[in-house]
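Only this structure's heavy atoms are used, side chains among them; waters, hydrogens and symmetry mates stay out. Throughout, numbering of the chain's residues begins at 1 and tracks the sequence.
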Amino acid sequence: MGGPASGKGTQCEKLRDKHGLVHISSGDLLRKAVSSRDGGPTAPHISTIKQCMEAGKLIPDSLMTRLILDRLRSRDCQERGYILDGYPRTLAQAQSLQDAGISPDVFLLLNVRDEDAIKRVIGRRTDSKTGLVYHLEYNPPPNDPEVQKRLIIRSDDTLESMKVRLKQFRKNVASVESWYRDIKREVDGSKSPSEVSKDIDATLKQMRKRKQRA
């Protein structure tokens, strides 16, 4: 868990590649639902999803939980295991996971100051074709005219939306932290991606050792 622009997606991808896990991003699931032609089971709720995303507000708990649980039933998740990125974000969502018989092994919290998170978001650009995310300062896109033409600013990557998202995060984080207090570990997300990755690896290694001794 972490606030918007705390680096959750980047670190989840690193863990996915290193351990062969399935990376389940709540944001990606929502964007896929909105962009799909038929909308699937979320079709009746697409307008609600769009409005919440553009305003930086949280998706209703019941709808978000339905999307996540449907994805967790997939064969790849059952066979390989998975990382949840951006879910649960509220106490109700954490309780829904438990009600579904799902107990996470580890709860990682990436800490980043609000002003740093805002700076990260303002410079973020997404390739509309590949889905790759760049930053104008920290991770500039290729100097390729075709790539430059495809770069877009996500609707939830504006300053106004970011302020709302940070407020929502601060409102809910304490209750989720408390729910997972026995398996929670905090990591400084303000460092470089490689340094954060090393800290996460060290944290997971330490937790595995403690579990083996228990």
S.K.: I'd like to know if Arg185 and Asp199 make a salt bridge, using a cut-off of under 4.0 Å between side-chain N and carboxylate O.
M.R.: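 No, this pair does not count.
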
S.K.: Leu136, Ile153: one ILVMFWY side-chain cluster at the under-4.5 Å cut-off?
M.R.: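 Hydrophobic grouping puts Leu136 apart from Ile153.
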
S.K.: Determine yes or no for a side-chain-to-main-chain donor-acceptor pair under 3.5 angstrom, with Glu195 supplying the side chain and Ser192 the backbone.
M.R.: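 Yes: the side chain of Glu195 pairs with the backbone of Ser192.
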
S.K.: Under a 3.5 Å cutoff, is there a donor and acceptor pairing between the side chains of Asn172 and Thr90?
M.R.: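 Per modelled atom types, Asn172 and Thr90 side chains form no pair under 3.5 Å.
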
S.K.: For Gly2, does its backbone N or O pair with a side-chain atom of Lys8 as donor and acceptor, under 3.5 Å?
M.R.: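 Yes: the side chain of Lys8 pairs with the backbone of Gly2.
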
S.K.: Taking NZ, NE, NH1 and NH2 as the nitrogens, is one of them in Asp116 or Arg113 under 4.0 Å from a carboxylate oxygen of the other?
M.R.: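 Yes.
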
S.K.: What closest approach, in Å, do Pro88 and Ala94 show between heavy atoms, and which atom pair accounts for it?
M.R.: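 Taking Pro88 first and Ala94 second, the nearest heavy atoms are CB-N, 3.5 Å.
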
S.K.: Contact between Arg125 and Pro141 at the side-chain level, heavy atoms closer than 4.5 Å - yes or no?
M.R.: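 Of all side-chain heavy-atom pairs linking Pro141 with Arg125, none is under 4.5 Å.
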
S.K.: Looking at Asp17, I'd like to know if its CG atom is crowded, meaning that more than 12 non-hydrogen atoms belonging to other residues, nucleotides or ligands lie closer than 6.0 Å.
M.R.: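 Counting other residues, nucleotides and ligands, CG of Asp17 exceeds 12 neighbours.
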
S.K.: In Å, rounded to the nearest 0.5 Å, how long is the span from OG of Ser6 to CZ of Phe169?
M.R.: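 With rounding to 0.5 Å, OG (Ser6) is 6.5 Å from CZ (Phe169).
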
S.K.: Measure across Arg89 and Ser26 and return the closest heavy-atom pair with its distance rounded to 0.1 Å.
M.R.: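 Nearest pair, atom of Arg89 first, then Ser26: NH2-OG, 3.4 Å.
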
S.K.: Taking the side chain as everything from C-beta on, heavy atoms only, tell me whether Ile122 gets closer than 4.5 Å to Leu159.
M.R.: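 Yes, side chains in contact.
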
S.K.: Could you tell me which non-hydrogen atom of Thr10 sits nearest to which non-hydrogen atom of Pro193, and how far apart they are?
M.R.: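 Looking at all heavy atoms of both residues, the closest pair is CG2-CB, 4.2 Å.
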
S.K.: Could you report the tightest heavy-atom contact between Val112 and Ala117, atom names first, then the distance?
M.R.: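 Distance-wise, the nearest heavy atoms are CG1-N, 3.9 Å.
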
S.K.: Say you draw a straight line from CZ of Arg73 to CD of Gln78; how long is it, rounded to the nearest 0.5 Å?
M.R.: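 Here the rounded value is 9.5 Å.
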
S.K.: Identify, with sequence neighbours excluded, every residue that meets salt bridge (charged side-chain N to carboxylate O under 4.0 Å, His left out) alongside Arg154.
M.R.: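 Asp156, Asp157.
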
S.K.: Is there a path of hydrophobic side-chain contacts, each under 4.5 Å between heavy atoms, that joins Val121 and Val133?
M.R.: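 Result: no, two separate clusters.
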
S.K.: Is it true that a side-chain atom of Arg16 and a backbone atom of His23 form a donor plus acceptor pair closer than 3.5 Å?
M.R.: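 No, the answer is negative, given that no donor and acceptor are paired below the 3.5 Å cut-off.
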
S.K.: In sequence, state the C-alpha distance, the side-chain angles, and the governing distance for Ser197 and Gln11, and then conclude on side chain to side chain contact (heavy atoms under 4.5 Å, CB included).
M.R.: CA-CA 6 Å; Ser197 180; Gln11 296 306 321; 3.4 Å; yes

S.K.: About how many Å separate OG of Ser96 and CZ of Arg66, when rounded to the nearest 0.5 Å?
M.R.: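 One gets 12.0 Å once the value is rounded to the nearest 0.5 Å.
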
S.K.: Side-chain heavy atoms under 4.5 angstrom apart, residues restricted to Ile, Leu, Val, Met, Phe, Trp, Tyr: same cluster for Val164 and Ile118?
M.R.: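 Each belongs to a different hydrophobic cluster.
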
S.K.: Which ILVMFWY residues can you reach from Ile152 by hopping between side chains whose heavy atoms are under 4.5 Å apart?
M.R.: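 Under the 4.5 Å side-chain rule, Ile152 groups with nothing.
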
S.K.: What residues form a salt bridge (charged side-chain N to carboxylate O under 4.0 Å, His left out) with Arg75, not counting sequence neighbours?
M.R.: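 In terms of salt bridge (charged side-chain N to carboxylate O under 4.0 Å, His left out), with neighbours along the sequence ignored, Arg75 is linked to Glu79.
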
S.K.: Does the pair Asp201 and Lys14 meet the rule for a salt bridge (Lys or Arg N to Asp or Glu O under 4.0 Å), with working shown?
M.R.: CA-CA 10 Å; Asp201 286 343; Lys14 290 179 178 295; over 6 Å; no

S.K.: Would you say Ser178's side chain and Ala174's backbone share a donor-acceptor pair under 3.5 angstrom?
M.R.: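 No, the answer is negative, given that no donor and acceptor are paired below the 3.5 Å cut-off.
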
S.K.: Leu109, Leu84: one ILVMFWY side-chain cluster at the under-4.5 Å cut-off?
M.R.: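 The answer is yes; both residues are in one hydrophobic cluster.
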
S.K.: Is the shortest heavy-atom distance from the side chain of Glu177 to the side chain of Arg181 under 4.5 Å?
M.R.: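 No - every pair of side-chain heavy atoms lies 4.5 Å or more apart.
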
S.K.: Which atoms form the tightest heavy-atom contact between Thr126 and Gly131, and what is the distance?
M.R.: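 Shortest heavy-atom separation between Thr126 and Gly131 comes out as CG2-O, 4.0 Å.
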
S.K.: Quick test of your reading of the model: are Lys163 and Asp114 salt-bridged, counting only N-O distances below 4.0 Å?
M.R.: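 The answer is no: the pair does not qualify as a salt bridge.
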
S.K.: When hydrophobic residues are tied together by side-chain contacts of less than 4.5 Å, even through go-betweens, does Met1 share a cluster with Trp179?
M.R.: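 Yes; tracing contacts between hydrophobic side chains, which count when under 4.5 Å, links both residues.
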
S.K.: With side-chain hydrogen bond (donor to acceptor under 3.5 Å, both in side chains) as the rule and sequence neighbours excluded, what pairs involving residues 128-139 come up?
M.R.: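 For residues 128-139: Asp127-Thr130.
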
S.K.: Keeping Gln148 on the side-chain end and Asn143 on the backbone end, is there a donor-acceptor pair under 3.5 Å?
M.R.: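 No, because the side chain of Gln148 does not come within donor-acceptor range (under 3.5 Å) of the backbone of Asn143.
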
S.K.: Measuring from Thr65:OG1 to Gln93:CD, what's the distance to the nearest 0.5 Å?
M.R.: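 The distance works out to 5.0 Å.
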
S.K.: Looking at residues at least two apart in the chain, or sitting in another chain, which of them share a ring pair (Phe, Tyr, Trp, His ring centres under 6.0 Å) with Tyr180?
M.R.: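 So Tyr180 forms a ring pair (Phe, Tyr, Trp, His ring centres under 6.0 Å) with Phe107.
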
S.K.: Distance-only, no hydrogens or angles: does the Arg71 side chain make a donor-acceptor pair with backbone N or O of Ile68 under 3.5 Å?
M.R.: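 Such a contact is absent between Arg71 side chain and Ile68 backbone.
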
S.K.: Quick one: CG on Leu30 to NZ on Lys32, what's the gap to the nearest 0.5 Å?
M.R.: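 If we round to the nearest 0.5 Å, Leu30:CG and Lys32:NZ are 12.0 Å apart.
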
S.K.: Does Ile83 sit in a hydrophobic cluster with other residues, and if so which ones, taking ILVMFWY side chains as linked at heavy-atom separations under 4.5 Å, directly or through other members?
M.R.: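 Reading the cluster by chain and number, Ile83 sits alongside Leu15, Leu21, Val106, Leu108, Leu110, Val187, Val196, Ile200, Leu204, Met207.
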
S.K.: Write down the atom of Ile24, the atom of Cys77, and the distance for their closest heavy-atom approach.
M.R.: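 Minimum heavy-atom contact is CD1-SG, 3.5 Å.
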
S.K.: Can you tell me how far apart OG (Ser190) and CD (Glu115) are? Round to the nearest 0.5 Å.
M.R.: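 The OG atom of Ser190 sits 10.5 Å away from the CD atom of Glu115.
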
